[in-house]
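The block underneath contains the structure these notes are about, expressed in structure tokens.
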Amino acid sequence: MAKFSSRCANQVLCMVPARNSIVEGILVPVPGQHIRFENGEYTTTVKKEVDFIKGHRLFGSSIVEVTGNEAEG
């Protein structure tokens, strides 16, 4: 399980943007995939989400990973 902390309490990272698709001539909205921090924290066990956050440009400056030692104190 990975836990991340953000400076922004309501940080949202977009993994896959929402888009529209045309199926048999009908416009169908396709929802995207987002990572939403609540109160500046996000916890996940999904490896794809962990890799996305660690590869994001804000990781290391505005978003940091919380390790076991930081979580205790």
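Hydrogens, waters and symmetry mates play no part in the numbers below; they use all other heavy atoms, side chains included.
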Answer yes or no: are there more than 12 heavy-atom neighbours, outside [X] itself, under 6.0 Å from its atom [atom1]?
X     : atom1 : answer
Asn39 : CG    : no
Leu27 : CG    : yes
Glu38 : CD    : no

Using 0.5 Å steps for rounding, measure from the [atom1] atom of [X] to the [atom2] atom of [Y].
X     : Y     : atom1 : atom2 : value
Met1  : Thr45 : CE    : OG1   : 8.5 Å
His34 : Cys14 : NE2   : SG    : 4.0 Å
Arg36 : Ser6  : CZ    : OG    : 13.5 Å

Query - Thr44: side chain to side chain donor-acceptor pair (under 3.5 Å) partners, not counting sequence neighbours - result: Glu49

Report task. Under the side chain to side chain donor-acceptor pair (under 3.5 Å) rule, collect the residues that match up with Lys48, sequence neighbours excluded. Result -> none

Query - Minimum heavy-atom distance between Ala2 and Glu65, given as atom pair plus value - result: CB-OE2, 4.0 Å

Query raised in the report: Which heavy-atom pair separates Val30 from Ser21 by the least distance, and what is that distance?
Result: CG2-CB, 3.8 Å

Report task. Kindly give the cluster partners of Val16, where membership spreads through any ILVMFWY side chain lying under 4.5 Å from a current member. Result -> Phe4, Leu13, Met15, Ile35, Phe37, Tyr42, Val50, Phe52, Ile53, Leu58, Phe59, Ile63

